[in-house]
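Everything below concerns the one structure shown next.
What you see is a predicted model; the values in this text were computed from it and never measured. Chain A is the first sequence line, chain B the second, and so forth, proteins listed ahead of strands; every chain is numbered from 1. Values reported hereafter were calculated over all heavy atoms of this structure, with side chains retained and with hydrogens, waters and symmetry mates removed.
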Amino acid sequence: MRKTSLDCVYEMAKRDERVVFLGSDLGVGTLDEFRTTFPDRFFMEGIAEQNLIGMAAGLAMDGFIPYVNTIATFLTRRCFEQVAVDLCLHNLPVRLIANGGGLVYAPLGPTHLAIEDMGILRALPNMAVVAPVDAEEMRRCMAATLDWPGPLYIRLGKGGDPVVSDAKAGFALGKGILMREPGRLLFVSTGIMSGRALAAAELLAARGIAAGVLHLHTVKPLDEAALLRLAREVETVVTVEEHVLAGGLGSAVAELFADRLAQAPRLLRLGLPDRFPEKYGSQDDLLRHFGLTPEQIAERAASLGMRSAA
Amino acid sequence: MRSSPKSISAALLRAEAAFAAPRPEEVPALDSRSKALRRLVVDGLKGGGRGHLGAAFSAIEILRVLYDEVLRVDPAHPAWPERDRLLLSKGHGCLALYAILADKGFFPTDELTRFCRFDSFLGGHPDAAKVPGVEASTGALGHGPSIGLGLALAARLHHRPSRVFVVTGDGEINEGSVWEAAMSAAKHRLDNLTIIVDYNKHQSYAATAEVLDLEPLADKWRSFGFAVQEVDGHDVAALRTLFRALPFSPGRKPNAIIAHTVKGKGVSFAENNLAWHHKSNVPAAELEAVYRELED
């Protein structure tokens, strides 16, 4: 997913002179072709994320479209004030490409896990937050970023995630994709968890429970129309995200239902608990630890006691 | 832990020794333009019932000389692409910027009397979306140098002669982000970028030498790769000469100017008086006393 997104930046840079790339201290060889083809528009500025964001803001104020890339935690926690003031207050078209959203860096421990990134960025006015499900959708997402008018946070998965998206579904920022028609149950998910929600829906189908999947690659702005329409069709909504429950996708859905629906569907939010992960291992290991395998998701949804047969 | 008095005075001595510009008594008294601009600042303080007077008064001559004689800007066309950019990174000193911008015709001087009011466009920190001539919304400290660096790079990429000036406070450069930006600016040899430190030697709590000593300040900027000059920040002629000498190291280094200033400059009882760092609800009699000291 990361390679795809960065390759897309290079492709856009070839077509559009406004595109510039800024990195902190990325892996050796990152975007070498970009660097050699457009040395003036390639910046590797060191482990100084506050400066990286301010610099991107200055470039954007004068007509450039900066794509900024580093590890998700350092692109959010470290320079949060620069993101809030320099990017969001000025409403500048800067794109943050965040490596390792969620639990990708499991073996490296909690300093490297981005478990609250979507929540803290979602709270910032003007910021858009997007988490594509796979590399193919990432390609479509990146094409849509060029002309987005304000700041945009792009959360990347580990890479090599199974491709579950469908090109025919298209991609528009802020528009959800109904990957599977709901019965009484609807999963609402983002990022790679949409792949797991689809797998969970398959497992439930085998048990006679019809579950749909609404993939919200864009967590902000939220596709309220799709959510409200589907909420009227189902009994239960289960949100699934690789993120703490405070402030993420599940919170956004709960807020919408509370504010807009007199009779909301039953809502179960699945995500990460309110603690720093205490284990290492792999991303898959941690997702299992927190009950987010397809089997666990299916079981937790089924335990709500829905009648079988849809 | 607080510094001992001995270490404070040692730091101040170092600061003094590093500063070879004329002694304050040799600097001409404020002329009528400097006084008029300060009266506009006081109009803002009076109208808003509050304001950072000390921080505004230390920066008046820096901004005045820049806008009168250095910056290529057009008040009738604030967004003119070829313009030079000035960022007041020490956003709390905004009354000084508002005074000179109004004086230059970016907006009517009357607006200053509505400073900080509910529907004024002049807030307690400058907002680029609202105030004609303000390039960046500042107030959170330590942001201007990085934004300025981005603007200076943008000018270079556009093959445009625009220059970028960033006025920082002295307390402000406690922020680590300033030094991140400094390293990056030096790496890119941005001779079109000038950082001006309004070195009035005081921050909110106490003297900079006491809170977090900046000395040796000029050497710090030199070691970060800047071409550095020091100047009396209230000496109009000296500022003019220095700005005209820019860039100090063409094609090689970004510029840093350490402007030695006096917090609250121009009003005897406000000078170097931390009570005037930020003032609210100033009694009418006290405001009159301020105006009296600023009469021609």
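Expressed to the nearest 0.5 Å, how far CG of A/L89 lies from OG1 of B/T138 amounts to 10.0 Å.
For the pair A/M55 and B/E180, the minimum side-chain heavy-atom distance is 4.5 Å or more. Residues A/F64 and B/L153 have side chains not in contact (no heavy-atom distance under 4.5 Å, counting atoms from C-beta outward).
Residue A/E49 touches chain B through its backbone alone, counting heavy-atom pairs closer than 4.5 Å. In this structure, the portions of B/A136 lying under 4.5 Å from any heavy atom of chain A include both its backbone and its side chain. If you measure heavy-atom distances from B/R156 to chain A, you find no contacts under 4.5 Å at all.
With a 6.0 Å radius and a threshold of 12 heavy atoms from other residues, nucleotides or ligands, A/K3 has its NZ atom at or below the threshold.
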Given side-chain contact (heavy atoms from CB on, under 4.5 Å), test B/S177 with A/Q82 step by step and report yes or no.
CA-CA 10 Å; B/S177 56; A/Q82 278 75 13; 4.1 Å; yes
How far apart are the C-alpha atoms of A/L59 and B/L157, what are their side-chain angles, what is the distance that settles it, and do they pass the side-chain contact (heavy atoms from CB on, under 4.5 Å) test?
CA-CA 10 Å; A/L59 284 158; B/L157 286 169; 4.1 Å; yes
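Chain A is approached within less than 4.5 Å, heavy atom to heavy atom, by no residue from residues 90-104 of chain B.
Nearest heavy atom pair, residue B/A140 against residue A/V85, reads CB-CG2, 4.4 Å. Across every non-hydrogen atom of A/E81 and B/L141, the tightest pair is OE1-O, 4.2 Å.
Comparing B/E175, B/H158, B/H188, B/M183 by heavy-atom pairs within less than 4.5 Å of chain A, the highest count is held by B/H158.
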